[in-house]
Number of protein chains: 2
Amino acid sequence: MTGRIDSPKRKFIETALRLFSERGFYGTSLADVSGELGLTKQSILYHFKTKEALYGAVLEEVAARFDALVNNVIQQDLSAEKKLKTFLAHLLEHTREAPYDGRLITRELLDNLERVEASRKWYLKHFLTESTSLLQDLPKWRYRTEAERTAAMYQLIGAISYFSISEPTLSAIWGKEKLDETSGVFLSTLVSRI
Amino acid sequence: MTGRIDSPKRKFIETALRLFSERGFYGTSLADVSGELGLTKQSILYHFKTKEALYGAVLEEVAARFDALVNNVIQQDLSAEKKLKTFLAHLLEHTREAPYDGRLITRELLDNLERVEASRKWYLKHFLTESTSLLQDLPKWRYRTEAERTAAMYQLIGAISYFSISEPTLSAIWGKEKLDETSGVFLSTLVSRI
DNA sequence: AGTAAAACTTACCGAATGGTAGGTAAGAGG
DNA sequence: CCTCTTACCTACCATTCGGTAAGTTTTACT
């Protein structure tokens with residue numbers, strides 16, 4: 001693993017994440033990515049064999065961040081309810097601080113329908129499984145069916161994710177002020193309905 | 001308006017909708033679209049001045065379907081609560097019957113961040129505004145703030161939309177059986193938390 | 001200082017892209 | 001029968017794409 005913070009690979013991954021998340025895989029060229037760093041596209045191909053390999057590295061890093069997010073909450077010594085609320089708060093906070101992450105994952109959900117390969121991994125599997133387990137220990141949900149808990153958890157994740165990718169559009173439609181008001185009450189409104 | 005069902009424009013729009021929603025704007029070439037119809041790409045450029053114009057026509061049609069969906073519910077003579085539930089049921093049903101529509105809108109939410117032009121219209125404005133108004137007449141929500149109602153409504157729409165674009169991925173992660181179970185209880189789980 | 005690996009560069013390529021220009025075949029209406 | 005419009009076509013073009021090959025510069029280490 002390239003652990004070094006300033007490893008050249010990492011600066012490519014960071015830039016690629018931003019561009020892939022904003023313009024998508026096909027909308028981003030290798031020249032775009034390297035250009036942002038003042039380099040030629042061949043500098044990328046030195047570190048990553050293909051464009052797909054670069055994309056895979058980006059996806060892996062983003063998935064690792066989401067995994068870390070849910071792992072972190074699970075390991076804390078909190079009540080089940082507190083864990084869930086903390087998880088949702090952290091997830092929402094993360095989509096705000098690192099909007100590229102959520103956008104990339106959403107694009108991946110849309111794209112892997114077509115750009116499938118035998119080797120494609122399901123980076124989100126761990127995140128989804130662990131997230132859903134957070135509902136299992138809630139008294140309110142313990143005696144519901146597994147399917148109901150799964151549906152409920154995916155609704156929470158979906159609500160947060162969809163809102164975060166919509167923010168630029170909503171800002172244009174509603175104006176910044178109304179968006180900020182809505183953002184301000186988003187978490188409490190979401191949690192109040194659990 | 002090209003009202004005729006078999007208008008040549010319409011067959012291009014239908015095919016383009018499918019491909020744009022599956023592969024995205026940059027992932028779909030004019031040759032791809034025309035190829036599916038056994039034609040050359042110039043046949044498209046005869047009907048639509050540019051690729052952007054074709055995309056715009058597709059987007060307009062999809063947005064019109066969402067508008068019709070919410071308009072249809074609002075005009076019915078139902079209680080506020082029944083209206084909301086009917087709306088959510090119809091929205092979920094629509095994302096299942098016409099999965100291309102939801103995927104295209106989600107891509108547009110992601111893309112218009114970058115592919116903005118002065119002329120770009122906010123196709124979703126009417127849909128969002130009218131949808132949110134559905135919560136206004138619910139006793140439970142009447143005395144909450146406008147921002148809270150807006151947040152709640154967008155959470156419902158987001159939950160449905162995100163789930164629908166995730167179905168292929170979830171089917172691969174969970175398997176078809178678990179996905180079907182979850183789908184089966186999705187609406188009731190969602191509604192029970194309003 | 002010397003050297004070898006790492007991190008780039010220039011030069012090039014075939015394929016695909018959106019789009020232009022200039023046709024042609026078919027049908028409708030007078 | 002003639003003409004105009006619709007709906008396509010072939011031919012072509014400049015640009016961009018991901019990727020290969022072969023050098024050159026920078027860095028790290030002895």
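These numbers come from a predicted model, not from an experiment.
- Between B:Lys49 atom NZ and D:dA7 atom P the separation is 18 Å, expressed in whole Å.
- One N or O donor and one acceptor, one from the side chain of A:Lys41 and one from the base of D:dG18, sit under 3.5 Å apart.
- The side chain of B:Ser29 places an N or O atom within less than 4.0 Å of a non-bridging phosphate oxygen (OP1 or OP2) of C:dT17.
- A donor-acceptor pair under 3.5 Å is formed between the side chain of B:Ser21 and the backbone N or O of B:Arg18.
- Counting only N and O atoms by type, the side chains of A:Ser166 and B:Tyr154 include a donor and acceptor under 3.5 Å apart.
- One can place CG of B:Leu30 at 9 Å from C1' of C:dT17, the figure rounded to the nearest angstrom.
- Rounded to an integer number of Å, the gap from B:Phe48 CZ to C:dG19 P is 13 Å.
- Straight-line distance from the CG atom of B:Leu39 to the P atom of D:dT6: 18 Å, rounded to whole Å.
- The side chain of B:Lys51 lies closest to C:dG18 when the candidates are D:dC9, C:dG18, C:dC8.
- For D:dC9, one of the phosphate oxygens OP1 or OP2 lies less than 4.0 angstrom from a side-chain nitrogen or oxygen of B:Thr40.
- With hydrogens and angles disregarded, no donor-acceptor distance shorter than 3.5 Å links the side chain of A:Gln75 to the backbone of A:Asn72.
- Note: OH (B:Tyr46) to P (C:dG23) measures 17 Å, nearest angstrom.
- With hydrogens and angles disregarded, a donor-acceptor distance shorter than 3.5 Å links the side chain of B:Arg149 to the backbone of B:Arg144.
- Taking atom NZ on A:Lys9 and atom P on C:dA7, their separation rounds to 9 Å, with Å as the unit.
- When distances are taken from the side chain of B:Gln42 to each of D:dC8, D:dA21, C:dG19, the shortest belongs to C:dG19.
- We find that CD1 of B:Ile44 is positioned 12 Å from P of C:dT17, with the value rounded to whole Å.
- Computed from coordinates, the B:Tyr26 OH to D:dG18 P distance equals 13 Å when rounded to whole Å.
- Within 4.0 Å (heavy atoms only), A:Ser34 reaches no atom of the nucleic acid at all.
- Of the side-chain N and O atoms in B:His47, one or more sit less than 4.0 angstrom from OP1 or OP2 of D:dC8.
- Of the candidates D:dT6, C:dC8, D:dT20, the closest approach to any side-chain atom of A:Leu45 belongs to D:dT20.
- Ring geometry for B:Phe12 versus B:Phe48: interplanar angle over 60°, hence perpendicular rather than tilted (30 to 60°).
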